[in-house]
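In what follows, a structure is listed as structure tokens, so that the remarks can point back to it.
Start at 1 and go down the list; that is how both ligands and their atoms are numbered. For the single chain, residues carry numbers from 1 onward in sequence order.
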Amino acid sequence: MGSEQQSTVPFTVPSFAGEVPDAVVKVLDSGWVTTGPQTAAFEQDFADHLGAAHVVAVASCTAALELCLRAMDLPPGSAVLTPSLTFCGAINAILHAGHRPVLVDIDAATLVPSAATVAAAAARSRPAAMIVQNQGGYPVDVAALTEAAGLDRTRVIEDAAHGPGAARGGAPVGSSSYAACFSFYATKNMPIGEGGAVASSDQEFADRIRATRLHGMSKDSWRRYLPGGSWRYDVKTIGLKANMTDIQASIGRAQLTALPEWQRRRAELVARYDEALLGLPGLVVPQRELAGIQHAWHLYQVRVPDRDAIIAELESAGVATSVHFIPANHMTAYQEILGAEECATVPVTDLVAEELLSLPLYPGLSDDGLERVISAFTGALRARG
Ligand SMILES: *Cc1c(COP(=O)(O)O)cnc(C)c1O
């Protein structure tokens, strides 16, 4: 395709730890491939990694969000606060759980809702619950937003899809949350391919997630087939089919051992980006007020004028980029469901969304690849003076 000599710098490539293939083969040979001992061990490993009391592994972060909303047992059609600048799966989870998304605007400096934007959305909607999101790896101030929403902490769900590696006040994201939902999707900081988890400080809440991740069956099949297990089970609550397999869990356990080194590499790449890019004409780099927090550096997000043209120029220079996110209020289905009035409540999101650009950032990005991105990007910006 065009110039054969220069390969494209991909937007993202998942890293896999060296131990992954052996771990998978062991599970395949074990005779038990779905939810079982590896899943239980991964839950303990991930809980230890976060410093969380309870972890329940599930099929995806999207399923985790829906399971958490359902476990809160809100009245049908409840108002649930969510940033509009988020992934569509989070909005879908609210709708699938039978509730009504209420859009919250962002603060342009952090790309996440502020206490003021949450309070404004709460004032017009009487929310029953709220989803907050660690956009790009920036740990939100959950306590401050919970207070601004006028909600109890047992009604706040953290979408921590970008959360592994992030911390606030020394506390890792998810370490003390009532309900934090993680993603192990292929592009995330801790990739399995597919997968998710709920971390909770509350035993009873974690038990409810555990009971509803596999149809609501009172015993998963692994435990029924253990010696002394019985064929009998009951269904007391209608659950989802959202369990994690032991194949995924074995990959996850191997991946966790490599995660700290990957986080170190992400920070190194970010430092080089910052050194080369901060101060360029027209460029705004959000989330650079880092006092008291540890950023997970899931994304390197910038704001640029003439964003769509810059994306096209970078693409012809062999640099792939992305945008996080197209806001929910710009999408057809949500416009139809929420209505024009609701979709007009997030002006800062509307403005910032036209300028957002995510540059390649992943542990496998080489120094050469990084310099190619920097050179193509600075060229595109300087041409606009
Ligand atoms: C990726 C992502 C999700 C969904 O994660 P899955 O594991 O693919 O369901 C949810 N929220 C945000 C912010 C994401 O980036």
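- For E158 and S177, the side-chain atoms include at least one donor-acceptor pair closer than 3.5 Å.
- Taking CZ of R265 as the start and OG of S366 as the end, the distance is 7.5 Å to the nearest 0.5 Å.
- Between F87 and F325, the ring-plane angle classifies as tilted under the 30° and 60° cut-offs.
- Looking at G196, A161, C181, it is A161 that brings a heavy atom closest to atom 12 (C) of ligand 1.
- The protein heavy atom nearest to atom 13 (C) of ligand 1 is D159 OD2, 3.4 Å.
- Salt-bridge check for R266 with E261: failed, with every basic side-chain N at 4.0 Å or more from each acidic carboxylate O.
- Rounding to the nearest 0.5 Å places CG of N243 at 8.0 Å from OG1 of T39.
- Using a cutoff of 4.0 Å between basic side-chain nitrogens and carboxylate oxygens, R272 and E268 are not scored as salt-bridged.
- Looking only at heavy atoms of the protein, atom 15 (O) of ligand 1 is closest to H162 NE2, 2.6 Å.
- Under 4.0 Å from ligand 1, not a single heavy atom of E194 appears.
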ask   = Please walk me through it: do F42 and F184 pass ring-ring contact (aromatic ring centres under 6.0 Å, His included)?
value = CA-CA 12 Å; F42 173 65; F184 309 119; 5.4 Å; yes
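- Residue contact annotation: G195 has a non-hydrogen atom under 4.0 Å from ligand 1.
- Considering each of F87, Y185, F184, the one bringing a non-hydrogen atom nearest atom 3 (C) of ligand 1 is F87.
- At a 3.5 angstrom cut-off on N or O pairs, A90 does not count as close to ligand 1.
- Residue contacts with ligand 1: T86 is placed with no nitrogen or oxygen under 3.5 Å of a nitrogen or oxygen of the ligand (distance criterion only).
- If you check which protein heavy atom lies closest to atom 9 (O) of ligand 1, you get T62 OG1, 2.6 Å.
- The aromatic ring centres of F11 and Y362 sit 6.0 Å or more apart.
- Put simply, part of K188 is less than 4.0 Å from ligand 1, judged by heavy atoms.
- On a distance-only criterion, S183 and ligand 1 share at least one N/O pair closer than 3.5 Å.
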